[in-house]
Amino acid sequence: MMIGLLGLGAGIAAIAGLGWQAPEVPRVTISNVAAAAGLKHRTIYGGEQKNKYLLETTGCGVAWIDFDNDGWQDIFFVNGTRLEGWPKGVGREEPPISRLYRNNGNGTFTDVTRAAGVGRTGWGQGVCAGDFDNDGDEDLFVTYYGKNLLWRNNGNGTFTEVGEKAGVAGLRTRWGSGCAFIDYDRDGRLDLVVANYIDLDLKTAPTPESGPCLYKGLMVACGPPGLQGAKNILYHNEGGGLFTDVSAKAGIPATSGTYGLGVLTSDFDNDGWTDIYVANDSAPATLYHNKRDGTFTDIAAEAGAAYSGDGKPQAGMGVAAADYDGDGWLDIFKTNFSGDTSTLYHNLGTKLGGLVFDDVTFPSGIGLNTRWLGWGCGFPDIDNDGWPDILLVNGHVYPEVIRLNNEAGYPQRKVLYQNLRNGSFRDITEKVGGALIEPTASRGAAFGDYDNDGDLDVVINPVNGTPALLRTDSETGNNWLTVRLQGTKSNRSGFGARLRLTAEGRTQINDARSGGSYYSQNDGRVHFGLGMATRVTRLEIAWPSGTVDTYNDLPVNRLIVCKEGDGGK
């Protein structure tokens, strides 16, 4: 009770603060430019009218990755399949495969899947990116219902699949879900955390009729309750292209985490060691606290980040982190099933003797929406005012709901919450309009600046549809800074580094990270909105190795590359 009152009191105090005025709705335009940009393939995933198994409902992720190191973010789309397989023969449409698009630097993309060698078909799930071999080229890890794939970037526009050889392919019967690269022991090599959803055998899995499984009177795919939940896995990078499953040694199976979907990595207690948060479907969320000795403990329940504010487990999908109120602690946003709200956990820090989160979903204004079934999400500073906003993409899990009048539909609109700079948010989706209100059967979503104009854009991977690329164009006049990290003692990607930026007396923080959202990989560069600040007073980077670099008096509206050890030179 005390925690809830603290959060509510802080929100009321902020709202009543002297001189506070709600900011205007930002002057931004959000347009779907996917077709014009050349993103025209279809993501195929299960049946379009009815699904027999839960496997046909979860969809795929998407990743921003600069695979050719030309300074422009490319896109990798995971793809799925259908239970009946894909017909073969002359004149037939080719089977669905994962797709890699090269950014041409002019607003368009070229499909280079075949040339890069990354086209595979199957029940693709999540994707994460990182330079696991520290050779300067970003690699890709893709989870499947079945064997996972590790695509090693050869540095010449092609990839080689090394999952089995590296020891991360997993079992053919396993249902992999969200993933993230993480240097959990700070040894300079990227390790890998892989969430798993359920142990699924289609030969014995229940069907809508055999259950029977019902949703508002409709027969639908069964689960996950009643199905065997799978355990998450932690792989340690041994170097030389090899990983070891250290899950048991690290304490991962000892937690209650099951039905894992979205995976988020961040330093939530500000101790310099990266923690892991997993959104679980129909089960309490998991917060693996890094104990700094190679092991983790699930503290989600005691920290207040496992359940909703009224103590109920939720059907968590996507997850994101940001310091939305500028207090120096990273907060958590989680999307959930329809009929429930998304959840906003405010990080109170360790002031109460341990890491504590307060569910501020309703005091913050997030609790007004219960119609949407949320998937991918993020904290993009959509207007570059220096205050992270929230954007989530939605779509129902059951195509059968088109027969119901009391649902928001199977394809659904997005939701954009504007940060009001006082601990609260408001839904401005209808006011901004454009592509935000176009219904999409969304699943994975990744946030990044594909045209390098300083505005964060969003790419969406739907089910049984073509991608959406939401380009943001701002008329606010606000400034920005984007930072690309290059580790030397630390992992080359810089994941796990804490960035602290000060401009015009205000300080913002963020971590460089892999994974996040739902099944997806955001732009690995770290973006800061600066409002009307014309210089960055100070940028401090605390690397996983312990090195701290400081840069003073930086210009704005540009991308800078920060190499570990170069700060202040």
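Residue numbers start at 1 and run along the sequence shown.
The salt bridge (charged side-chain N to carboxylate O under 4.0 Å, His left out) contacts involving residues 137-148 comprise Lys147-Glu164, where partners must be two or more places apart or lie in separate chains. Listed by first then second residue, pairs satisfying salt bridge (charged side-chain N to carboxylate O under 4.0 Å, His left out) with a partner in residues 379-392 read Asp385-Arg421, not counting sequence neighbours. Among residue pairs with one or both ends in residues 22-51, those qualifying as salt bridge (charged side-chain N to carboxylate O under 4.0 Å, His left out) are Arg42-Glu48, Glu48-Arg82; sequence neighbours excluded.
Of the possible polar contacts, one joining the Asn347 side chain to the Phe268 backbone as a donor-acceptor pair under 3.5 Å is found. At least one donor-acceptor pair under 3.5 Å links the side chain of Asp457 to the backbone N or O of Thr472. A donor-acceptor pair under 3.5 Å is absent between the side-chain atoms of Tyr53 and the main chain of Leu200, judged by distance alone. At distances below 3.5 Å, at least one donor-acceptor pair connects side-chain atoms of Asn103 with backbone N or O atoms of Gln73. Arg99 contributes no side-chain N or O that, together with a main-chain N or O of His41, makes up a donor-acceptor pair within less than 3.5 Å. Not a single donor-acceptor pair under 3.5 Å links the side chain of Asn510 to the backbone N or O of Leu499. Between the side chain of Asp131 and the backbone N or O of Gly136 there is at least one donor-acceptor pair closer than 3.5 Å. Not one N or O on the side chain of Asn32 forms a donor-acceptor pair closer than 3.5 Å with the backbone of Leu470. Checking side-chain atoms of Thr113 against main-chain N and O of Gly119 turns up no donor-acceptor pair under 3.5 Å. When atom types are taken as modelled, the side chain of Asn461 and the backbone of Val78 share a donor-acceptor pair closer than 3.5 angstrom.
A heavy-atom distance below 4.5 Å is not found between the side chains of Asp135 and Asn153. When side chains are defined from C-beta on, Phe132 counts as touching Arg152, because their heavy atoms get closer than 4.5 Å. Tyr518 places none of its side-chain heavy atoms less than 4.5 Å from the side chain of Thr335. The closest side-chain heavy-atom distance from Asp267 to Asp275 is below 4.5 Å. Annotation: side chain of Asp111 is in contact with side chain of Tyr101 (closest heavy-atom distance under 4.5 Å). Taking the side chain as every heavy atom from C-beta outward, Arg102 and Asp68 approach each other to under 4.5 Å. Looking at heavy atoms from C-beta onward, Leu392 lies in side-chain contact with Tyr417 at the 4.5 angstrom threshold. At least one side-chain heavy atom of Pro224 sits less than 4.5 Å from a side-chain heavy atom of Leu54.
Taking every heavy atom of both residues into account, Asn79 and Ile44 meet most closely at OD1-N, 2.9 Å. Of all non-hydrogen atoms in Thr57 and Tyr45, the two that sit nearest each other are N-CE2, 4.0 Å. Among all heavy-atom pairs drawn from Gly515 and Cys128, the shortest one is N-CB, 4.4 Å. Contact record, Val458 with Ala445: CG1-CB, 4.3 Å, taken as the closest heavy-atom pair. The two residues Ala129 and Ser514 come nearest to each other via the heavy atoms O-OG, 3.4 Å. The minimum heavy-atom distance between Leu83 and Trp123, with the atom names listed, is N-CZ2, 3.7 Å.
Ring to ring, His346 and Phe333 are not that close: their centroids are 6.0 angstrom or more apart.
With values rounded to the nearest 0.5 angstrom, Ser424 atom OG is found 9.0 Å from Ile366 atom CD1. To the nearest 0.5 angstrom, Tyr410 atom OH is 10.0 Å from Leu373 atom CG. Interatomic distance, Arg443 CZ to Leu261 CG, rounded to the nearest 0.5 Å: 11.0 Å. One distance of note links OG of Ser442 with NE2 of His396; it measures 14.0 Å at 0.5 Å rounding. In this structure, Ile509 CD1 and Asp323 CG are separated by 4.5 Å, a value rounded to the nearest 0.5 Å. Arg426 CZ to Gln418 CD: the interatomic distance, rounded to the nearest 0.5 Å, is 4.5 Å.
The cationic atom of Arg506 (NZ for Lys, CZ for Arg) lies less than 6.0 Å from the six-membered ring centre of Trp387 and within 45° of the ring axis.
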Problem - Test log, rule side chain to side chain contact (heavy atoms under 4.5 Å, CB included), inputs Thr143 and Tyr519 - result: CA-CA 9 Å; Thr143 62; Tyr519 277 16; 5.7 Å; no
Exercise for the section: Could you walk me through whether Phe495 and Thr265 pass side chain to side chain contact (heavy atoms under 4.5 Å, CB included), step by step? Expected result: CA-CA 9 Å; Phe495 293 154; Thr265 58; over 6 Å; no
Practice task
Using the side chain to side chain donor-acceptor pair (under 3.5 Å) rule, take Ser266 and Arg513 through it: C-alpha gap first, then chi angles, then the decisive distance, then the call.
Solution key: CA-CA 7 Å; Ser266 281; Arg513 64 176 71 90; 2.8 Å; yes
Practice task
Show your reasoning for whether side chain to side chain contact (heavy atoms under 4.5 Å, CB included) applies to Val168 and Val194.
Solution key: CA-CA 9 Å; Val168 296; Val194 183; over 6 Å; no
Problem - Audit row: Gln412, Trp375, side chain to side chain contact (heavy atoms under 4.5 Å, CB included) steps and yes/no - result: CA-CA 11 Å; Gln412 299 178 359; Trp375 298 90; over 6 Å; no
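With His527 as the fixed residue, the side chain to side chain donor-acceptor pair (under 3.5 Å) test singles out one of Asn384, Asp449, Asn522: Asn384.
Note on Asp427 versus Arg413: salt bridge recorded, some NZ/NE/NH1/NH2 to OD/OE distance being below 4.0 Å.
A donor atom on one side chain and an acceptor atom on the other are not found under 3.5 Å apart for Tyr145 and Gln125. Under the 3.5 Å distance criterion, with hydrogens and angles disregarded, a donor-acceptor pair is assigned to the side chains of Asn336 and Thr343.
By the 30° and 60° cut-offs, the orientation of the rings of Tyr324 relative to Phe379 is parallel. Aromatic ring orientation, Trp64 versus Tyr450: parallel (interplanar angle below 30°, classes split at 30° and 60°).
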